[in-house]
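To start, the structure under review is shown below, and the notes come after it.
Computation of the quantities below employed the complete heavy-atom set of this structure, encompassing side-chain atoms and omitting hydrogens, waters and symmetry-equivalent molecules.
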Amino acid sequence: MALALPACRDDELQSAHASPGAPYIIGVIAGRAPGEIFVVHTSSCDSEATVTLFFKARVVDATGVDTDTTALVVGRRVAVWSTGTVDESCPPITGAKLIVLQN
């Protein structure tokens, strides 16, 4: 599944989408706790992730406009780029670098 943004707002957002690394996970926020969201693509361990927000993740809407973590509500579809470190638990745990809200 590819994610296309109409017009990127800056170099950070462009590099996140132009890099060979696809989003770590694209799915629906199924749960929310202080400092983290639980994202589910499908209901299997390798298609779920707990995503921490402690690294000051950048959150943008589908047009590339910055927003904040209050937009990360249960039921919202998101694409998440990881900070690169993944705890290989079930579900895996990773820090978010960039979260793009999808329509």
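With contacts defined as side-chain heavy-atom distances shorter than 4.5 Å, the pair Ile29/Val73 does not qualify. At a threshold of 4.5 Å between non-hydrogen side-chain atoms, the residues Phe38 and Arg32 do not count as touching. Here the side chains of Asn103 and Arg77 are not in contact, with every heavy-atom distance at 4.5 Å or above. Side-chain contact between Thr94 and Asp87 is absent, with no heavy-atom pair separated by less than 4.5 Å. Using a 4.5 Å heavy-atom cutoff, the side chains of Val78 and Ile26 are not in contact. A heavy-atom distance below 4.5 Å is found between the side chains of Leu101 and Leu72.
Of all heavy-atom pairs between Ala22 and Trp81, the closest is C-NE1, 3.8 Å. The minimum heavy-atom distance linking Gln102 with Ala79 is given by the pair NE2-CB, 4.0 Å. Closest approach of Ile99 and Ala57 over heavy atoms only: CD1-CB, 4.3 Å. Smallest separation of non-hydrogen atoms from Val51 and Ala96: CG1-CB, 3.4 Å. The two residues Pro91 and Thr50 come nearest to each other via the heavy atoms CG-OG1, 3.8 Å.
Hydrophobic clustering, with ILVMFWY side chains joined whenever heavy atoms are under 4.5 angstrom apart, keeps Val28 apart from Val80. A continuous path of hydrophobic side-chain contacts links Leu53 to Val86 [ILVMFWY only; heavy atoms under 4.5 Å].
Atom NE2 of His41 sits about 7.5 Å away from atom CD1 of Ile25, to the nearest 0.5 Å.
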